[in-house]
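Structure, as structure tokens:
Just so you know, these numbers use all the heavy atoms, side chains as well, and skip hydrogens, waters and symmetry mates. Every chain is numbered from 1 and lettered A, B, ... according to where its sequence line falls, protein lines coming before strand lines.
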Amino acid sequence: MNFSDRLLVWYDANKRALPWRDSDNPYKVWISEVILQQTRVEQGIAYYFRFLDAFPDVISLASASEDEVLRLWQGLGYYSRARNLHQTAREILEKHGKNFPESSEEWMRLKGVGPYTAAAVTSIVFKEAIPALDGNVYRVLARAFALPYNMDTSKGKKQFYQLATQLIDPKRPGDFNQAMMDLGAMICKPSGPLCLKCPLNTLCLAKQQNAAKNYPVRNPKKAVRERFFNYFKITTKDPQGKIFLFIKKRQENDIWKNMYDFPLLETTEDTPPETLFKHPWWLHLFPDEKSFLMEGQVRQRVHKLTHQTIHAKLFQIFVHPENTVLLNKIFIAVDFDQFEQMAKPRLIELLHWDRGEKS
DNA sequence: AAGCCGGGGAG
DNA sequence: CTCCCAGGCTT
């Protein structure tokens, strides 16, 4: 038996039962593929169910607001996926008149759809014989053939792509692609691969060399950036005694774009409150140091992302309503119930609900 | 080509 | 702690 036959025999007997499998619905497969970009299946499944429940088809997704879509995506990360998904739903409805494109070339032109997602959707739904290369597939191929190609470079990716094109079963392209990913996730794992259970173990060159850990070749990882976020949870009361807090929509090209957080003063290093309260940004909001009151403990939290570590502090500030004219111009006043319904980064969710302080 | 974009689970 | 996950976009 050749590579593909062994792989597919194994797949038929061992494939994972996943909610979007055996579906010929391009919308469902598309959503699942985008949710699973850089995201483990176990983490994505709950989001998949909630997303399809809220937006069962492309029309409902296109009809939603971006805020609603981001709110459903909250906690999953890489939020451009949600923004692009929403934008692309509207584009499909406009240009394709509700019908999805059927070729990977057309899919590639959609926002948020790259080589992997285009190939995955069209191979699974439309049986296009094009390989879908994700992290699992690079690892399986690199080990099986002891390939020295760097998967972080375009040249390296091209080598993997050409090989996969040779291997893919044109009769079952979707199953081939999913089988490669299942094998990578279940057997040919990044560390501690289960070679004894692998259907390819008799032909795997990395196993013969006992060198699975050397594959695939990748770029060395970069240093993590350190950032210092000083947040101010500014609250006030209206004449009826109802509490409002001031928030902001992040519109810069930075993390968490188009999601909501508290008024933020970012500094290049850890900065004591006395210094923050003399900062021009703060003095602009509160020229008079008696116009605000700091209450409660300062909440602190270290939030680690893949590429940056955020040292966050949350200062709780109370402001008398007569001193909120400028705040109302710069920020958005919401009550706590409204705030709960808005799309927030994980860090904000944690700071908001934190009890006491941590250092 | 390199930099940027989240959060979480496994070891 | 480190690694990396059904990647894609911007510069």
Under-4.0 Å side-chain N/O to phosphate OP1/OP2 contact, A:Tyr138 with C:dC4: no

Side-chain heavy atoms of A:Thr275 within contact of A:Thr267, under 4.5 Å: no

Sugar-phosphate only, base, or nothing, as touched by A:Trp20 at under 4.0 Å among non-hydrogen atoms: base

C:dA6 versus B:dG11 - spacing of their P atoms, nearest Å: 14 Å

Distance below 4.0 Å between A:Gln308 side-chain N/O and B:dC5 OP1 or OP2: yes

DNA chain B: 5'-proximal contact among A:Asn219 and A:Gln43 (nearest heavy atom): A:Asn219

Along DNA chain B (nearest heavy atom to each residue), the more 5'-positioned of A:Asn253 and A:Thr153: A:Thr153

A:Phe262 and A:Phe339 aromatic centres sub-6.0 Å: yes

Short side-chain N/O contact from A:Gln38 to OP1 or OP2 of C:dG7, under 4.0 Å: yes

A:Arg81 vs C:dC9: side-chain N/O to OP1/OP2 distance below 4.0 Å: no

Aromatic contact, A:Trp282 with A:Phe292 (centres under 6.0 Å): yes

Candidate pair A:Asn136 and A:Met180, rule side chain to side chain contact (heavy atoms under 4.5 Å, CB included), full reasoning: CA-CA 7 Å; A:Asn136 290 306; A:Met180 290 289 283; over 6 Å; no

Phosphate OP1/OP2 of C:dG8 contacted by A:Thr117 side-chain N/O (<4.0 Å): yes

A:Lys221 vs A:Glu42, nearer the 5' end of DNA chain C by closest nucleotide: A:Lys221

Check: A:Thr39 side chain, B:dG7 base, donor-acceptor under 3.5 Å: no

Nearest-nucleotide 5' precedence on DNA chain C, A:Lys304 against A:Arg16: A:Lys304

Under 4.0 angstrom between A:Arg40 side-chain N/O and C:dA6 OP1 or OP2: no

Distance in angstrom units between A:Lys222 NZ and B:dC5 P, rounded: 10 Å

Nearest-Å distance once atom P is located in both B:dG6 and C:dT11: 15 Å

Short side-chain N/O contact from A:Lys111 to OP1 or OP2 of C:dT10, under 4.0 Å: yes

Under 4.0 angstrom between A:His303 side-chain N/O and B:dG7 OP1 or OP2: yes

Ring-base stacking, A:His307 with B:dC5 (5.5 Å, 30° cut-offs): yes

Sugar-phosphate, base or nothing in reach of A:Thr306, heavy atoms under 4.0 Å: base

Sugar-phosphate only, base, or nothing, as touched by A:Gly114 at under 4.0 Å among non-hydrogen atoms: sugar-phosphate

Pair A:Tyr78 and A:Trp73, ring centroids less than 6.0 Å apart: no

